[in-house]
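What follows is one structure encoded as structure tokens, with my remarks underneath.
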Amino acid sequence: MDSVAHRLSVGGAGAALELRGVTRLFGALAALTDVTLTVRPGERRAVLGSNGAGKTTLFNCITGDFPPTSGTIRFFGEDVTHFPPFERIRRGLRRTYQISALFPGLTVLDNVYLACCGVSPRRFSPFRPRSNDALVQAAEDLVEAVHLAAVRGRRVAELAHGQQRQLEIALALAGAPRFILFDEPAAGLSPTERRELVDILTTLPSHIGYIIIEHDMDVALRVVESVTMMHNGRIFKEGPPADIESDPEVQELYLGGGHG
Amino acid sequence: MSIAQDARLQPGKSAERPATAAPTRDFGHPAVWAVAVLLVIMPLIANGFFLIEIFGTSLILGIVALSLMFLAGYGGMVSLMQLTIAGLAGYMTAVLGASGNANISLGWPWWLATPMAIALATLFGTIGGTLAVRTEGIYTIMITLAIASAFYYFTNQNWAIFNGHTGINSVVTPHFLGIDWRADIAFYYVILAVAALCFGAVSYLARAPFGLALQGVRDNPRRMATLGFNVNAHRIAAYAFASCIAALGGVLQVWNYRQISPGSVGVERAIDILIIAVVGGTSRPIGAFVGALIFVLLRTFTLDFLVAIGLDGNRFRLLIGLGFLAIVLFSPDGIVGLWERLRGWSGQGKAQAGGERHG
Ligand SMILES: Nc1ncnc2c1ncn2[C@@H]1O[C@H](COP(=O)(O)OP(=O)(O)OP(=O)(O)O)[C@@H](O)[C@H]1O
Ligand SMILES: [Mg+2]
């Protein structure tokens with residue numbers, strides 16, 4: 001039993017995501033140093049760490065926004081280290097951005113429709129969708145799922161911050177995601193919106209794994225089964241939420257040490 | 001304006017759902033119909049000079065400027081090689097078809113020469129685009145300008161195909177079904193039909209997945225990549241489409257003047273296209289045609305006007321330059337943008353917030 005779990009967690013074709021020795025330099029600054037990380041399919045994990053710890057950089061390396069300086073990244077067994085971002089996305093990887101990256105001039109529905117097109121061969125289609133178009137229907141369903149049906153026809157520029165964060169999540173759910181990276185999805189949300197977010201995360205189909213970067217422990221520890229702690233571009237602790245919370249070193253560095 | 005929503009808003013369902021912010025203005029507005037009818041009955045109103053020299057020529061330049069509007073307005077890519085692509089299509093029409101230069105022209109029938117010319121020019125534009133998409137902003141302008149000026153010098157120096165600085169003269173125009181398609185009225189309708197086709201295609205495409213994605217690429221290429229789009233492939237496809245439109249304009253151009261020479265593809269002409277697109281406005285397809293009409297009117301009439309007040313007629317460029325400056329300073333989205341803002345102000349009382357960007 002244990003050995004099977006161990007084998008799966010060590011990697012090979014069994015891992016959803018497998019990073020080995022990933023380093024990312026920005027000039028002289030090492031934003032990530034020798035990060036090795038394995039996440040099982042369907043696993044939900046939090047990445048915690050103080051400002052500038054390298055969490056977002058970790059996501060950028062995984063999606064290919066900024067490829068790593070060295071190291072390898074495997075996605076469901078396939079070496080994607082040198083793949084452009086769109087190739088990774090088409091294989092089922094998704095992400096959200098810490099600072100919403102939406103299309104403010106388009107409506108809510110068109111933003112989601114665009115995301116649905118991106119992971120479909122229809123992305124090059126010169127034909128406008130018809131009323132029974134499956135992608136439009138998929139977009140409608142996603143808009144509904146993130147509680148934005150009431151503002152579906154509004155331009156994104158007119159939305160409140162919390163609604164934009166929800167839309168960001170809808171974009172990451174388009175198509176058939178297998179693994180999602182959420183970068184501080186709860187930042188700036190009201191308590192009600194946080195509860196809705198937790199609902200969305202906990203009701204995702206169980207085969208969809210994710211990594212969530214979240215400063216709010218109430219959100220983070222409720223929606224994950226494992227936690228990775230980062231500091232100065234390195235991973236320094238991994239374990240289940242309960243262990244992390246009670247770990248004195250973590251308390252010292254992160255929970256106690258006031259993180260803005 | 002929402003594409004996805006348009007699809008949903010077919011018969012009956014509209015009541016329960018909120019309409020999108022922008023009204024359907026592309027085809028519903030009475031002014032649009034008035035202009036369309038006017039263009040169709042133009043041969044009844046205008047004589048040969050106005051019909052071809054003013055309206056025909058404006059429509060042709062408008063088609064070439066439309067290809068730039070598509071790239072710049074929807075794709076955020078300012079290409080200065082659109083006239084060069086048109087010029088290559090024109091040259092190929094003359095070289096593959098029949099002309100007074102029998103030593104050069106192959107004498108193919110028009111129905112073979114024309115599609116071939118368009119295909120070659122589209123290929124050329126697509127290759128140029130493939131080079132240009134690796135760059136951004138000012139570098140895109142530089143690389144396409146380099147292509148334009150290289151082509152100009154090449155046509156000047158190449159005698160085997162382009163006949164050097166004399167160019168190709170007395171180009172034979174289509175003549176079939178007993179109609180001389182270069183006769184004023186027939187030719188006007190040919191131009192109008194092609195212009196309408198291009199205008200319709202660009203307007204339609206803007207709200208299909210391909211066009212929507214192109215606007216996404218313009219606004220946030222990095223996000224588009226993490227939505228699964230191959231940003232460069234999208235941009236190259238946009239160049240291919242725009243090249244095809246420019247090529248259509250180029251074929252009409254060579255039929256219009258019945259000759260083509262390096263002067264027709266000079267850098268100055270390439271910049272005229274940029275001026276037309278910017279003056280008209282790159283946020284909507286119609287801007288290209290508005291800009292072209294203004295340009296042609298100025299070019300045609302300021303000459304007489306300037307001569308009348310004792311100045312060199314060639315200074316019409318000075319006037320156009322000043323107009324260009326004024327537009328860039330006061331209305332970055334051109335005459336069309338200015339018009340929309342005026343309409344927005346006059347209609348302020350009503351719920352509409354005027355002048356939203358095209359979806
Ligand atoms: N594009 C970049 N260019 C230069 N330096 C960068 C870049 N992106 C990140 N960095 C640097 O890398 C380090 C890690 O940044 P990163 O954004 O990954 O931190 P983070 O853990 O996400 O922090 P936060 O909690 O503030 O979001 C920081 O010192 C940051 O300044
Ligand atoms: Mg961050």
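Chain letters run A, B, ... following the sequence lines, proteins first and then strands; every chain starts at 1.
Within the 4.5 angstrom heavy-atom criterion, no atom of B/Ala201 approaches chain A. For chain B, the nearby parts of A/Pro126 are the backbone and the side chain; heavy atoms of each come within less than 4.5 Å. Within the 4.5 angstrom heavy-atom criterion, atoms from both the backbone and the side chain of B/Tyr204 approach chain A. Within the 4.5 angstrom heavy-atom criterion, atoms from both the backbone and the side chain of B/Ala225 approach chain A.
A/Tyr97 has its side chain within reach of B/Arg222: a pair of non-hydrogen atoms, C-beta onward, lies under 4.5 Å apart. With a 4.5 Å cut-off on side-chain heavy atoms, B/Met224 and A/Arg123 do not count as touching.
Annotation for A/His207: atom NE2 counts as buried by contact number, over 12 foreign heavy atoms lying within 6.0 Å. Applying the 6.0 Å contact sphere to CG of B/Leu329 captures more than 12 heavy atoms from other residues, nucleotides or ligands. Around CZ of A/Phe26, the count of heavy atoms belonging to other residues, nucleotides or ligands within 6.0 Å exceeds 12.
Considering only heavy-atom pairs separated by less than 4.5 Å from chain A, the leading option among B/Val231, B/Leu214, B/Asn230 is B/Asn230.
Annotation for A/Ala101 and B/Asn220: closest pair CB-ND2, 3.8 Å, computed over non-hydrogen atoms. Across every non-hydrogen atom of A/Ala115 and B/Leu227, the tightest pair is CB-CD2, 3.8 Å. Smallest separation of non-hydrogen atoms from A/Tyr113 and B/Leu212: CD2-CD2, 3.8 Å. Residues B/Pro209 and A/Arg128 approach most closely at CD-CA, 4.4 Å, considering heavy atoms.
In this structure, the separation between CZ on B/Phe229 and CG on A/Leu114 is 4.5 Å, given to the nearest 0.5 Å. Expressed to the nearest 0.5 Å, how far CZ of A/Phe124 lies from CZ of B/Phe210 amounts to 6.5 Å.
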Practice task
Using the side chain to side chain contact (heavy atoms under 4.5 Å, CB included) rule, take A/Leu171 and B/Thr226 through it: C-alpha gap first, then chi angles, then the decisive distance, then the call.
Solution key: CA-CA 10 Å; A/Leu171 298 193; B/Thr226 48; over 6 Å; no

